[in-house]
Amino acid sequence: MESIKNRRTIRKYTNQDIPDSLLKELLEEAFRAPTMGNMQLYSVIVTRDAARKERIAPYHFNQPMVTSAPVVLTFCADFNRFCQWCHQRNAVPGYDNFLSFMNAASDTLLVTQNFCTLAEAAGLGTCYLGTTLYSAGGLIEALELPKLVVPIATITVGYPDECPAQPERLPIEGLIHQETYQAYKEQDIDRIYEAKEAMPENQHFVEVNHTENLAQVFTDYRYTKAANEEISKVLLETLRKQGFLE
């Protein structure tokens, strides 16, 4: 699909709304994604209301596309619905555990990617927000999610009002392993990351952050060990509150 080869993140949208019929059609098609045991362990919260967008925006670090996009979709790992079905059929569910969360999260991400691919092929633009798991607890409250439901991914959707450059990708030879995982030699790593490090915008990141190289921008500023550990603690507590951990 040309839309896959040419995809790019869209953060600016026109004022054109997305018809309910189109959104429903895209979601219905997305729900054909592979799923664990054909259980469809996900739900999608559709946010169109401006006030509701304002409420969830702080949990996405107030990124402007949250309030400017006509639609915000929160894809959730959901074992609540399946467990209710089990209870109503005199079946005893055993899905209040971490493995079940991972199964539901995997289902959710498959559907999320399916939706993005379909939406972009239909002429819409999307932006994946990597902040959802960071702020899962706040989103659970704002979106009134019950036990055994956890937000996994958020996508802003609208008709594009920009055409940014395509983000770079690592060369495929650096990502594919034949039969078994092949250990990377030092020269392999240098070759795989050479083009990424040479990009002017990435060299700019190194300059403005006063680091020796691009890797240090990630480790020292963007995704630090301290922040990762703190967010991990909060996320584990959230999973506990939602019933996936004891």
Side-chain angles (χ1 to χ4, degrees), residues 1-57 59-60 63-82 85 103-133 135-136 139-140 142-146 149-167 169:
M1 294 174 63
E2 288 299 315
S3 58
I4 292 179
K5 290 192 294 184
N6 296 319
R7 80 151 303 277
R8 60 204 68 212
T9 295
I10 300 298
R11 296 179 173 86
K12 296 180 181 179
Y13 308 97
T14 69
N15 293 326
Q16 183 179 356
D17 201 3
I18 302 174
D20 284 334
S21 58
L22 175 58
L23 185 61
K24 181 179 179 181
E25 178 184 351
L26 293 171
L27 286 169
E28 187 173 14
E29 291 176 0
F31 295 159
R32 302 305 303 179
T35 169
M36 171 77 175
N38 200 26
M39 292 190 283
Q40 292 187 265
L41 304 171
Y42 48 78
S43 288
V44 184
I45 310 297
V46 180
T47 304
R48 289 182 179 271
D49 179 71
R52 187 71 67 171
K53 290 179 197 171
E54 290 285 352
R55 185 175 178 186
I56 66 174
Y59 301 118
H60 294 295
Q63 296 177 85
M65 51 277 197
V66 176
T67 51
S68 65
V71 174
V72 179
L73 300 177
T74 307
F75 291 81
C76 303
D78 184 354
F79 245 116
N80 172 66
R81 180 183 59 249
F82 193 85
W85 176 62
N103 286 333
S106 297
D107 267 21
T108 305
L109 289 173
L110 287 167
V111 164
T112 303
Q113 180 57 65
N114 243 22
F115 174 82
C116 289
T117 300
L118 291 161
E120 289 155 5
L124 295 170
T126 68
C127 179
Y128 169 78
L129 304 182
T131 45
T132 305
L133 287 176
S135 305
L139 289 169
I140 287 169
L143 299 173
E144 301 178 16
L145 305 182
V149 181
V150 176
I152 300 297
T154 303
I155 305 295
T156 60
V157 193
Y159 289 95
D161 196 27
E162 64 172 347
C163 186
Q166 240 186 338
R169 289 294 184 263

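Predicted model only: the values in this text are computed from it and were never measured.
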Test side chain to side chain donor-acceptor pair (under 3.5 Å) on T126 and E120 and set out the steps.
-> CA-CA 7 Å; T126 68; E120 289 155 5; 2.6 Å; yes

Distance-minimising heavy-atom pair for S43 and D78 = OG-OD2, 2.6 Å

Side-chain touch T132/Y59, heavy atoms, less than 4.5 angstrom = no

Check against side chain to side chain contact (heavy atoms under 4.5 Å, CB included), Y159 and I18 | CA-CA 8 Å; Y159 289 95; I18 302 174; 4.2 Å; yes

Do I155 and C116 come within less than 4.5 Å of each other through their side chains, counting heavy atoms only?
-> yes

Step by step, would you call L139 with L145 a side chain to side chain contact (heavy atoms under 4.5 Å, CB included)?
-> CA-CA 8 Å; L139 289 169; L145 305 182; 5.7 Å; no

Close side-chain approach of R8 and C163, heavy atoms under 4.5 Å | yes

Check whether any side-chain heavy atom of L73 lies under 4.5 Å from a side-chain heavy atom of V46, and answer yes or no.
-> yes

What distance do L41 atom CG and C76 atom SG have between them, rounded to the nearest 0.5 Å?
-> 13.0 Å

Looking only at heavy atoms, the pair that brings R52 and E144 closest together is NH1-OE2, 4.3 Å

Under the side chain to side chain contact (heavy atoms under 4.5 Å, CB included) criterion, do L26 and L124 qualify, and how do the steps go?
-> CA-CA 11 Å; L26 293 171; L124 295 170; 3.7 Å; yes

Straight-line distance of M39 CE to F79 CZ, nearest 0.5 Å | 4.5 Å

Check whether any side-chain heavy atom of Y128 lies under 4.5 Å from a side-chain heavy atom of T9, and answer yes or no.
-> no

Do Q166 side-chain atoms and R7 backbone N/O form a donor-acceptor pair below 3.5 Å?
-> yes

Starting at CG of L27, measure out to CG of L22 and round the result to the nearest 0.5 Å.
-> 9.5 Å

Closest heavy-atom pair, A77 versus A105, reported as atoms and distance to 0.1 Å, is CB-N, 3.8 Å

Residue list, side-chain hydrogen bond (donor to acceptor under 3.5 Å, both in side chains) with T35, at least two apart or on another chain = D107

Sequence neighbours left out, what pairs pass ring-ring contact (aromatic ring centres under 6.0 Å, His included) with at least one residue falling in residues 6-40?
-> F31-Y42

Would you indicate whether the side-chain heavy atoms of F115 and V157 approach each other to under 4.5 Å?
-> yes

Do F75 and T154 come close enough that some side-chain heavy atom pair is under 4.5 Å?
-> no

Might you confirm whether atom CG of D49 has over 12 heavy atoms from other residues, nucleotides or ligands at distances under 6.0 Å?
-> yes

Do R81 side-chain atoms and Q40 backbone N/O form a donor-acceptor pair below 3.5 Å?
-> yes

Shortest non-hydrogen separation from K5 to E2 and the atoms involved | NZ-OE2, 2.9 Å

Roughly how far apart are H60 NE2 and M65 CE, rounded to 0.5 Å?
-> 9.5 Å

Which heavy atom of R48 sits nearest a heavy atom of K53, and at what distance?
-> O-CE, 3.3 Å

Would a 4.5 Å heavy-atom cut-off, applied to side chains only, mark E25 and L118 as touching?
-> no

Could you tell me whether R32 and E29 have a side-chain N and a carboxylate O separated by less than 4.0 Å?
-> no

List the atom of T47, the atom of L143, and the distance in Å for their closest heavy-atom pair.
-> OG1-CD2, 4.3 Å

